[in-house]
**Q** 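Sharing a structure with you now.
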Amino acid sequence: MIDIKILRENPQHFIDGATAKNIDVAIPLLLEIDEQKRSLTRQREEHRAEQKRISKEIGPQIGKLKGQLKSASEEDTKALETKLAELEAKPSSLKAEIQSLDERIATLEPQWNDLLLHIPQPPDEDVPKGESADDNVQIRTWAPDGYDVSKSFAENKGFNPRPHLDLVNALGLADFERGVKMAGTRHYMMTGNGMRLHQAMLRFAFDFITNTYDFTPMSVPVILREECMVGTGFFPTGRDQAYHIQESQRGSGHDLFLAGTGEVGLMGMYADEIIDADKLPIKMATVSTCFRREAGAAGRDTAGLYRIHQFDKVEQVIICKAKEEESRKWHTEMLSIVEQLLQQLQLPYRLLQCCTADLGAKNADMIDIECWMPGRGELRKDGQPMGDWGETHSASRLYDFQCRRLNMRYRDEEGNTVFAHSLNNTVLASPRILIPLLEMHQQEDGSIAIPECLHPYMNGMTVLQAEQLQDA
RNA sequence: GGACAGGUGGCCGAGCGGCUGAAGGCACCGGUUUGCUAAACCGGCGUACUGGUUAUACCGGUACCGCGGGUUCGAAUCCCGCCCUGUCCGCCA
């Protein structure tokens, strides 16, 4: 959430920001409603102050009269009752006015709130302007020694690559038919060595971030209240991307939502809290199952492990002091962790600076990491895929946008409460990461060479052999 | 799922219609005393919004005692709904 005070002072900054992000928001309407609401609130406060004053003044008198009434004679009773009625009538017109103001404010408040929640965080000055993801800017690339991404896979390795779906099927690593049978399109099961590899990747990544680096290991709820989704900025804009558990329709309780990322649980954890400043920065990592409806993606990436409704992800989150240099420093740090991880996995990757149009509503800045997937991309004349980059990681820098929504603060040196800054980045999401892993490490005989860093997690297995093909 | 008990400031905890933004204690900050530490004593110490002014300094107003609504001239206090926590029973990975 943005700071409405800054919006009042400089609406153009936010209008420009929304425009750059290609997001349509009614900022003038919000300002108008805001002004009305403020003016009504001011009136209400004045009336309330008056009401309190009167109450304090007549209260003791009423008490006294009521006391007298108890032991009063018949003729006195009448006089006392008249007096009482007079006193009690005094604030009644005020009361009516306050009630009417209450009602008017109550109708404005939901609109005000909804509009405010929709205002995107303006992109940072140094984020390149762009119209779509096509305008993202490559920052750098890396590839293992001896592999040149600008050349075809065959030129690099001396044989044509098989796309991951073929490899998965040949090696019996996943079962799509039965996944679909049970749960519908975009569902799957990891099977046998596929599941071993999937778990090995997750465990390797989790150990890397929590042991090699000092991120605190966490488990998180993945079924969460709406407040967590709104607080982390996934709602209201992305509401249709989340599975919705309508518990309220069963008569009691509240609805729940399935998280699309562990970030929701890691950030929601500190909602409404004032964190000790000396605990910052808080660095946490979790491995959790993620659920995405992929609404609006019908027909895209329908085959294979790329775009699925359920997957597992190791996620890193940092909550730090509200200083731009700090935010930027940690952003760089989070990216370098992932680069080291991918280098150990011997996977070619590139860093992409997302342009304004590709940031999403909540980010001031976002850098994606894409891995080289030889089986993707257009087909060449000889029927071989050209290979393409595919997004595997996304590193967001949000300033206080999330913490403001979550009401997550710390106390600074002067004793003021300050909204913290937050950042998050993928460490590793599987099975999507298995696509580059399988495709890059496939060998001519159809086997897969397992990168060394995974050997301990594969019970010493170094190669996935085709003849190990398993069928249930 | 059933039956009780309860949700008050950073924490513990009193209040149960007006004198309560809220006793008391702990923690924290400043000071006095002290060879140092500790102790003792004195003082300070919530958040948000809003007005006086342009400012995190000062003064005023409003709201906040789980959340929402109601009763009342007036609600932390009474009533209703919801959420959450604890204990016991039932069920169960």
Side-chain angles (χ1 to χ4, degrees), chain A residues 1-10 33-67 69 80-99 101-110 112-113 116 219 221-231 245-257 268-280 289 321-323 400 403-420:
Chain A
M1 185 158 65
I2 58 139
D3 186 344
I4 184 110
K5 281 190 213 155
I6 300 176
L7 177 75
R8 282 178 200 135
E9 284 162 19
N10 189 2
I33 291 177
D34 181 54
E35 190 42 55
Q36 284 178 38
K37 186 171 134 283
R38 269 154 59 93
S39 142
L40 293 172
T41 305
R42 219 171 297 135
Q43 290 177 49
R44 177 170 68 177
E45 286 185 2
E46 281 163 16
H47 286 141
R48 283 244 178 92
E50 177 68 6
Q51 184 188 44
K52 276 181 120 170
R53 220 206 73 237
I54 294 174
S55 255
K56 263 194 186 130
E57 189 185 299
I58 66 169
Q61 298 177 40
I62 290 176
K64 208 166 144 198
L65 288 173
K66 281 192 174 158
L69 204 54
L80 285 170
E81 275 173 349
T82 319
K83 239 176 160 179
L84 255 176
E86 261 171 44
L87 276 175
E88 290 183 352
K90 227 176 161 185
S92 69
S93 68
L94 263 182
K95 203 186 169 189
E97 274 179 72
I98 291 171
Q99 245 165 21
L101 286 166
D102 277 346
E103 279 162 27
R104 287 163 70 192
I105 293 167
T107 59
L108 289 177
E109 217 135 48
W112 182 86
N113 205 34
L116 183 59
S219 90
V222 293
I223 311 173
L224 303 121
R225 293 168 179 276
E226 184 159 11
E227 287 87 330
C228 296
M229 304 300 279
V230 174
I245 303 173
Q246 296 176 289
E247 280 297 292
S248 62
Q249 293 202 346
R250 293 186 165 181
S252 74
H254 49 273
D255 283 2
L256 293 161
F257 294 85
M269 179 179 167
Y270 287 105
D272 294 317
E273 294 191 20
I274 297 177
I275 301 167
D276 286 343
D278 52 6
K279 289 217 173 106
L280 298 175
T289 303
K321 288 188 179 169
K323 300 205 174 95
D400 64 2
C403 294
R404 185 180 292 279
R405 286 181 176 231
L406 287 164
N407 192 28
M408 184 196 299
R409 296 165 296 171
Y410 68 93
R411 222 172 269 285
D412 69 9
E413 293 77 10
E414 284 92 54
N416 300 314
T417 55
V418 184
F419 292 111

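Computed from a predicted structure; not experimentally measured. Sequence lines set the chain letters: A, B, ... in the order given, protein chains first and strands last, and positions in each chain run from 1.
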**Q** So, using ring-ring contact (aromatic ring centres under 6.0 Å, His included) as the criterion, who are the partners of A:Phe257 when residues are at least two apart?
**A** A:Phe235, A:His244
**Q** What distance separates A:Arg48 CZ from A:Leu101 CG, expressed to the nearest 0.5 Å?
**A** 9.0 Å
**Q** Write down the distance between CG (A:Leu256) and C1' (B:C83), rounded to a whole number of angstrom.
**A** 12 Å
**Q** Could you list the residues that satisfy salt bridge (charged side-chain N to carboxylate O under 4.0 Å, His left out) with A:Arg411, not counting sequence neighbours?
**A** none
**Q** Could you pull out all residues at least two apart from A:Glu50 that satisfy salt bridge (charged side-chain N to carboxylate O under 4.0 Å, His left out)?
**A** A:Arg53
**Q** Check whether any side-chain heavy atom of A:Gln36 lies under 4.5 Å from a side-chain heavy atom of A:Leu108, and answer yes or no.
**A** yes
**Q** In the 5'-to-3' direction, what one-character label does each nucleotide of nucleotides 53-68 of chain B receive under the scheme B = base within less than 4.0 Å of a protein heavy atom, S = sugar-phosphate only, - = no such atom?
**A** ---B----BBS-----
**Q** Using the P atom in both, what is the distance from B:G81 to B:G13, to the nearest Å?
**A** 27 Å
**Q** What integer number of Å spans the P atoms of B:A14 and B:U72?
**A** 32 Å
**Q** Nearest-Å distance, CG (A:Asn407) to P (B:G46)?
**A** 18 Å
**Q** Could you tell me how far apart A:Ile4 (CD1) and B:A48 (C1') are, to the nearest whole angstrom?
**A** 15 Å
**Q** Choose from B:G46, B:C73, B:A48 the nucleotide whose nearest atom is closest to any side-chain atom of A:Arg409.
**A** B:A48
**Q** In whole Å, measure the gap between the C1' atoms of B:A48 and B:G9 for me.
**A** 14 Å
**Q** Holding to salt bridge (charged side-chain N to carboxylate O under 4.0 Å, His left out), I want the full list of residues that pass it with A:Arg8, two or more places apart in sequence or in another chain.
**A** A:Asp34
**Q** Given the P atoms of B:A75 and B:U62, what is the spacing between them in whole Å?
**A** 13 Å
**Q** Rounded to whole angstrom units, what separation is found between the CD1 atom of A:Ile105 and the P atom of B:C49?
**A** 17 Å
**Q** Can you find a side-chain donor-acceptor pair between A:Asn407 and A:Arg409 that sits under 3.5 Å?
**A** yes
**Q** In whole angstrom, what separates A:Asp102's CG from B:U71's C1'?
**A** 15 Å
**Q** Starting from P on B:G7, measure out to CG on A:Asp272 and report it in whole angstrom.
**A** 20 Å
**Q** By the 4.0 Å heavy-atom rule, please label A:Lys37 as base, sugar-phosphate, or nothing.
**A** nothing
**Q** Starting the side chain at C-beta, find the nucleotide from B:A48, B:C83, B:U50 nearest to A:Arg225.
**A** B:C83
**Q** A:Gln43 CD to B:U50 C1': how many Å, rounded?
**A** 14 Å
**Q** Would you kindly give the CD-to-C1' distance between A:Glu273 and B:G9, to the nearest whole Å?
**A** 15 Å
**Q** Check this one for me: any side-chain N or O of A:Gln51 less than 4.0 Å away from OP1 or OP2 of B:G74?
**A** yes
**Q** Is any side-chain nitrogen or oxygen of A:Arg38 closer than 4.0 Å to OP1 or OP2 of B:C49?
**A** no
**Q** Reckon A:Thr417 touches a base, only the sugar-phosphate, or nothing at all at heavy-atom distances under 4.0 Å?
**A** sugar-phosphate
**Q** Measuring only the P atom in each nucleotide, how far is B:C16 from B:G7? A whole number of Å is fine.
**A** 14 Å
**Q** Mind checking the C1' distance from B:G35 to B:G21? Whole angstroms is fine.
**A** 44 Å
**Q** Are A:Lys321 and A:Tyr410 close enough that some pair of their side-chain heavy atoms sits under 4.5 Å apart?
**A** yes
**Q** Does RNA chain B take part in any stems of at least 3 consecutive Watson-Crick or G-U pairs (both distances under 3.5 Å), and if so, which ones?
**A** B:1-7 with B:83-89, B:10-12 with B:24-26, B:28-32 with B:40-44, B:46-52 with B:58-64, B:66-70 with B:78-82
**Q** What distance do A:Met229 atom CE and A:Leu256 atom CG have between them, rounded to the nearest 0.5 Å?
**A** 10.5 Å
**Q** Determine the contact category for A:Arg8: base if any of its heavy atoms lies under 4.0 Å from a base atom, sugar-phosphate if only primed atoms, P, OP1 or OP2 are that close, otherwise nothing.
**A** sugar-phosphate
**Q** For A:Ile4, does the CD1 atom sit with more than 12 other heavy atoms under 6.0 Å from it, leaving out its own atoms?
**A** yes
**Q** Would you mind telling me which of B:G46, B:C73, B:G51 lies closest to the side-chain atoms of A:Arg411?
**A** B:G46
**Q** Provide the distance between the two P atoms, one in B:G68 and one in B:A63, to the nearest whole Å.
**A** 14 Å
**Q** For B:C26 versus B:C80, give the span between their P atoms, rounded off to a whole number of Å.
**A** 39 Å
**Q** So if I apply the side chain to side chain donor-acceptor pair (under 3.5 Å) rule between A:His47 and each of A:Lys95, A:Gln99, A:Lys52, A:Glu97, which one comes out positive?
**A** A:Glu97
